[in-house]
Amino acid sequence: MPQPARLIPAGFFLRPVDQVAQDLLGRHLRHGPVTLRVTEVEAYGGPEDSASHCRSGRTPRNAPMWEAGGRAYVYFCYGMHHMLNVVTGPAGQAAAVLIRACEPVRGLDLVRRRRGGQEGPVLLTGPGKVAQALALDLGFSGHPLFRRGGLELLEGDPGGMVLRGPRVGIGFAQPADRDLDWRFALADTPWVSQRRTLRQIIASTGYEQSLE
DNA sequence: CACAGGATCGTT
DNA sequence: ACGATCCTGTGT
């Protein structure tokens, strides 16, 4: 009988949000029979980040972002999509990583069913698609990812080369925040959205070190 | 209580 | 390039 995949320890999340964002690439998200490998993410900060949901301080919606890292922050967008974030940093300091794209690891049939019978990267390249494939809703906002049960974050398959570039869909933000290269994606997979805006290349993710 | 807008997606 | 669709934050 195979060993169950290991959870990511809570200490992993208690670091700067852009660092956690890079190290989330290649990790696995599991909800029941569906397991996805993270291929694309974006980092969001607190009140100092005009692109963040915390730009105006604490509200009922963004409350999980102010908790200690390791929980989910899920919100509802454009009246029809749920978005999954991973909260980072110590309690009282708001930050989170938006999961923008994944590739299937397990439960592909169920993912196809939930995504309307589509095939290929169109299944999972986009934050709304990821949440739909994992069957997430607002009830998962605040859910711990470092414990067994419900939605879990697990060790995965390391990626190699990483691409980075500006965040997507934040035209309303201040220019300095729009220019931050806080979007990260694995270079060697087709399961990435909006690849053309990824302009820099990073050698690796520092994946092994982050697990100690 | 009313209203404007949004970290998107799929079609035109 | 555009419309769907409703939660959310803000203001009255």
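Hydrogens, waters and symmetry mates play no part in the numbers below; they use all other heavy atoms, side chains included. Chain identifiers are assigned alphabetically (A, B, ...) following the order of the sequence lines, protein sequences preceding nucleic acid strands; residue numbering begins at 1 within each chain.
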Closest approach to the side chain of [X], judged atom by atom: which nucleotide of [options] is it?
X	options	value
A:Q118	C:dG9, B:dA7, B:dG10	B:dG10
A:T59	C:dG9, B:dC9, B:dA7	C:dG9
A:Y78	B:dT8, C:dT8, B:dA7	B:dT8
A:Y44	C:dG9, B:dA7, B:dC9	B:dA7

For atom [atom1] of [X] and atom [atom2] of [N], their distance in whole Å:
X	N	atom1	atom2	value
A:N85	B:dG6	CG	C1'	14 Å
A:D177	B:dA7	CG	C1'	13 Å
A:L123	B:dT8	CG	P	19 Å
A:Q132	B:dC9	CD	C1'	10 Å
A:R58	C:dG9	CZ	P	12 Å
A:M83	C:dT8	CE	P	13 Å
A:R183	B:dT8	CZ	C1'	13 Å
A:F172	B:dT8	CZ	C1'	12 Å

Does NZ or CZ of A:R15 come closer than 6.0 Å to the centre of the six-membered ring of A:F12, within 45° of the ring's axis?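 Satisfied, under 6.0 Å and within 45°.
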What contact category does [X] fall into here, base, sugar-phosphate, or nothing, at under 4.0 angstrom with non-hydrogen atoms?
X	value
A:R178	nothing
A:Y75	base
A:F76	sugar-phosphate
A:L98	base
A:M80	base

Between A:S193 and A:E40, is any side-chain donor less than 3.5 angstrom from a side-chain acceptor?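 Per modelled atom types, A:S193 and A:E40 side chains form a pair under 3.5 Å.
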Are [X] and [N] close enough that a side-chain N or O sits under 4.0 Å from OP1 or OP2?
X	N	answer
A:R115	B:dC9	no
A:S56	C:dG9	no
A:R61	C:dG9	yes

Between A:D188 and A:G160, which heavy-atom pair has the shortest distance, and what is it?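 Smallest heavy-atom distance, with atoms named: OD2-N, 4.3 Å.
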Taking all non-hydrogen atoms of both residues into account, name the closest pair between A:I170 and A:D177 and its distance.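 Taking A:I170 first and A:D177 second, the nearest heavy atoms are CD1-O, 4.1 Å.
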In terms of the nearest nucleotide of DNA chain C, which residue is placed more toward the 5' end: A:H81 or A:L138?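 Looking at the nearest nucleotide for each, A:H81 comes out on the 5' side.
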Could you check whether any side-chain heavy atom of A:L153 comes within less than 4.5 Å of a side-chain heavy atom of A:L24, counting everything from C-beta outward?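 Contact flag for A:L153/A:L24 side chains = yes.
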Whom does B:dC3 pair with, Watson-Crick or G-U wobble, provided both distances fall under 3.5 Å?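 Across all strands, the one nucleotide that pairs with B:dC3 is C:dG9.
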Test: A:R6 and A:E155 ion pair at under 4.0 Å: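 Salt bridge flag = yes for A:E155 with A:R6.
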